[in-house]
Amino acid sequence: MRYRPGEGGRRHAGPLHHSAAVRCTGTIVESQGSGQRVEMQVQQVEVLGDSDPNAYPIQPKKHSLEFLRENAHLRFRTNTYSAIFRIRHQVSFGIHEYFNGKGYNYFHSPIITASDAEGAGEMFRVSTLDAKNPPLNDDGSVNWAADFFGAESRLTVSGQLQAELAALALGKVYTFGPTFRAENSNTARHLAEFWMIEPEAAFMDLHGNMDLAEGLCKHLIARVLQHSADDLEFLDKRMAEEEKQKPQQQRSEMGLIERLKFVLEHPFERITYTDAIDILLRSKPYQKKQFQYPVEWGVDLQSEHERYLVEKHFKKPVIVTGYPAQVKAFYMRMNGPGDFGYTDKGPTVAAMDVLFPGIGEIIGGSQREERLDVLEARMDAMGVPKDQMWWFLDTRRFGTVPHAGFGLGLERFVLFVTGMGNIRDVIPFPRTPKSAEF
RNA sequence: UCCUCGGUAGCUCAGCCGGUUAGAGCACCUGACUGUUAAUCAGGGGGUCGCUGGUUCAAGUCCAGCCCGGGGAGCCA
């Protein structure tokens with residue numbers, strides 16, 4: 001690109017390179033070019049910061065997302081990523097807007113925890129001990145009492161347990177912060193560091209929980225449609241281009257904006273786990289033996305089953321409730337006769353998973369077990385150490401109350417609203433196994 | 001962690017059954033031309049073929065191990 005001052009001028013001011021920062025002075029005039037209303041007739045150009053085209057990795061052409069991921073420090077400069085991160089902002093802001101509007105208090109659960117009983121997955125250790133020569137006990141084990149916190153401590157996998165404490169005081173709270181899982185998960189839907197929103201409300205049951213979750217998703221979608229129309233338009237076109245490359249069968253029926261509006265305008269399907277199993281048993285892929293994993297009451301739903309329910313059978317977001325107790329966490333409320341989701345096929349809990357097309361589980365939540373004796377029995381049965389959890393059990397000892405909540409994965413939601421395919425593309429600096437650069 | 005595909009120029013890729021000096025498009029540099037917007041035309045520079053070892057007269061190509069990435073699965077948000 002060359003800059004020529006004045007009309008028909010030939011005086012070259014030198015090359016202007018891609019990504020150079022310039023300050024231009026000139027006159028804004030009506031443009032003769034197509035696709036733009038105005039343009040600047042430049043009288044003066046000042047190069048604030050040049051950019052060496054032989055060294056600058058981003059070129060004015062279409063790059064692969066994999067390549068841009070490896071240049072995560074520069075990828076915001078592309079139109080795709082700047083659109084994604086503006087939308088991520090709108091979603092984040094909308095979360096506060098939604099909960100604030102409903103009288104929820106933004107509650108800061110701790111990032112560092114010394115309890116190992118949250119049961120949501122492998123945890124990262126936090127320590128200031130010398131990794132090569134830690135202080136040892138007489139029996140050769142590491143002396144954690146000498147560590148910074150005086151106990152073995154880790155990064156949180158969930159703020160839920162603390163949010164429960166707060167909900168039983170403030171009534172309605174939500175957390176919104178980073179969460180860490182040391183799982184060796186290598187998928188387009190998993191991060192080692194991700195952001196999670198966890199509302200928790202006293203006197204709320206499973207139905208209220210479902211209403212809250214659906215309301216949140218729809219509020220966020222509406223907000224993005226309203227405030228990020230240009231960026232959605234861009235991503236919509238981008239997705240349409242990508243779809244053209246795919247074989248007919250794999251193409252999605254709706255464009256991005258069309259899909260967002262569809263989800264906004266239709267109620268989420270609400271079914272029990274038991275009904276879901278029945279639907280799967282009657283499904284074509286089951287009868288043609290196309291499912292890789294078995295379908296029978298008592299086993300957890302696999303990705304292929306969730307995808308069938310959401311993408312083939314209902315073709316919209318689905319909330320599945322009343323899972324078998326054995327596949328869910330200890331703090332979920334046991335269903336008894338008369339409770340929603342109860343069945344004589346086996347013990348179930350008041351769990352709920354919100355499943356979205358293309359992504360799968362975007363929200364996981366439940367009504368919590370508020371009865372001390374039932375909760376303690378569950379903890380014993382599942383090997384959760386009650387002594388470490390005394391503070392959690394105290395909520396059930398001193399004025400317990402029915403309550404419920406859920407966890408929404410921010411990045412998974414942003415994945416859905418941007419139409420992107422890999423979760424590493426909707427967080428600025430993804431942390432995954434073997435990767436924490438930038 | 002498992003299955004699968006891949007790693008060749010700055011980027012996207014081709015490179016046959018192992019065989020001479022490893023190619024193309026784009027990008028970049030020089031020049032020409034130009035109300036352009038994926039401009040065009042001519043010329044030019046640019047390579048540790050992921051790493052290590054092995055087989056062979058000869059390895060980008062075959063074999064083994066390792067590293068990294070994509071897609072799928074598990075774990076989950």
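Proteins get letters first, then strands, A, B, ... in listed order; numbering begins at 1 in each.
Between B:rA27 and B:rC11, the distance separating the two C1' atoms is 7 Å to the nearest Å. The same atom, P, is picked in B:rG44 and in B:rG35; the two are 28 Å apart, to the nearest Å. The gap from the C1' atom of B:rC49 to that of B:rA59 amounts to 11 Å, rounded to the nearest Å. Between B:rG54 and B:rG47, the two C1' atoms lie 25 Å apart (nearest whole Å). Distance check on atom P: B:rC66 versus B:rC57 gives 28 Å, rounded to whole Å. For the C1' atom pair drawn from B:rC3 and B:rG45, the interatomic distance equals 44 Å after rounding to whole Å. Only the P atoms considered, B:rU52 is 23 Å distant from B:rC16, to the nearest whole Å. Across B:rC68 and B:rG50, the matching C1' atoms stand 7 Å from one another, rounded to whole Å.
One can place CG of A:Asp353 at 12 Å from P of B:rC75, the figure rounded to the nearest angstrom. When rounded to the nearest whole Å, the span between OH of A:Tyr331 and P of B:rC76 equals 10 Å. We find that CZ of A:Arg69 is positioned 13 Å from C1' of B:rC68, with the value rounded to whole Å. The CZ-P distance, from A:Arg189 to B:rG70, rounds to 14 Å in whole Å. Rounded to an integer number of Å, the gap from CZ of A:Arg431 to P of B:rA77 is 22 Å. Note: CG (A:Asn184) to C1' (B:rC2) measures 11 Å, nearest angstrom. A:Asp300 has its CG atom 11 Å from the P atom of B:rA77, to the nearest Å. What separates CE of A:Met40 from C1' of B:rU37 is a distance of 17 Å, to the nearest Å.
Judged by distance alone, the side chains of A:Glu164 and A:Thr395 never bring a donor and an acceptor atom under 3.5 Å apart. Side-chain contact of A:Asp211 with A:Asn209: a donor-acceptor pair under 3.5 Å is absent, judged by distance alone.
Residue contacts shown for A:Glu66 are limited to sugar-phosphate atoms, with no base heavy atom under 4.0 Å away. Contact annotation for A:Phe194: base contact, defined as any heavy-atom pair under 4.0 Å involving a base atom. Counting non-hydrogen atoms under 4.0 angstrom, A:Ile363 reaches the backbone sugars and phosphates but no base. In this structure, A:Thr187 reaches the bases: a heavy-atom distance under 4.0 Å links it to at least one base atom across the strands shown. Among the protein residues, A:Phe406 comes within range of no part of the nucleic acid, since none of its heavy atoms lies under 4.0 Å from any strand. The residue A:Glu411 sits apart from the nucleic acid: no heavy atom pair falls under 4.0 Å. In this structure, A:Lys434 reaches the sugar-phosphate backbone alone: every heavy-atom distance under 4.0 Å involves primed, P, OP1 or OP2 atoms, never a base.
Residue A:Gln302 places none of its side-chain N or O atoms closer than 4.0 Å to OP1 or OP2 of B:rA73.
Between B:rA77, B:rU1, B:rC11, one nucleotide has an atom nearer to the side chain of A:Asn186 than all others, and that is B:rU1. Nearest to the side-chain atoms of A:Arg412 among the listed nucleotides B:rU12, B:rA73, B:rA77 stands B:rA77. Nearest to the side chain of A:Gln59, among B:rC75, B:rC26, B:rG70, sits B:rC26. Distance from the side chain of A:Met196 is smallest for B:rA77 among the nucleotides B:rG70, B:rC76, B:rA77. For A:Arg307, taking side-chain heavy atoms from C-beta onward, the closest of the listed nucleotides B:rA73, B:rC11, B:rA77 is B:rA73. Distances were taken from every side-chain heavy atom of A:Phe67 (C-beta onward) to each of B:rG71, B:rG74, B:rC11; the shortest belongs to B:rC11.
Of the options A:Val310, A:Leu280, A:Leu355, a side-chain contact (heavy atoms from CB on, under 4.5 Å) to A:His305 is made by A:Leu280 and by none of the others. Just one of A:Gln160, A:Arg378, A:Arg368 meets the side-chain hydrogen bond (donor to acceptor under 3.5 Å, both in side chains) condition when paired with A:Tyr331; it is A:Gln160.
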Given Watson-Crick or G-U pairs with both distances under 3.5 Å, what dot-bracket string fits RNA chain B, with | for other-strand pairs and [ ] for crossing? (((((((..((((.....[...)))).(((((.......))))).....(((((..]....))))))))))))....
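Ionic pairing of A:Arg396 and A:Glu369 is not present here: no N-O contact between side-chain nitrogen and carboxylate oxygen is shorter than 4.0 angstrom.
Projected onto RNA chain B by closest heavy-atom contact, A:Leu301 and A:Asn422 fall at different nucleotides, the more 5' of which corresponds to A:Asn422. Heavy-atom nearest nucleotides on RNA chain B were determined for A:Glu70 and for A:His190, and the one closer to the 5' end corresponds to A:Glu70.
Under the 6.0 Å cut-off for aromatic ring centres, A:Tyr106 and A:His108 qualify, their centroids lying closer than that. Ring centroid separation for the pair A:Tyr174 and A:His96 comes in under the 6.0 Å cut-off. Annotation: A:Phe268 is in aromatic contact with A:Phe356 [ring centroid separation under 6.0 Å]. You'll find the ring centres of A:Tyr81 and A:Phe76 outside the 6.0 Å limit.
Within 3.5 Å, a donor on the side chain of A:Ser185 pairs with an acceptor on the base of B:rC75, or the reverse.
Using modelled atom types, no side-chain atom of A:Asp425 and backbone atom of A:Gly421 make a donor-acceptor pair closer than 3.5 Å.
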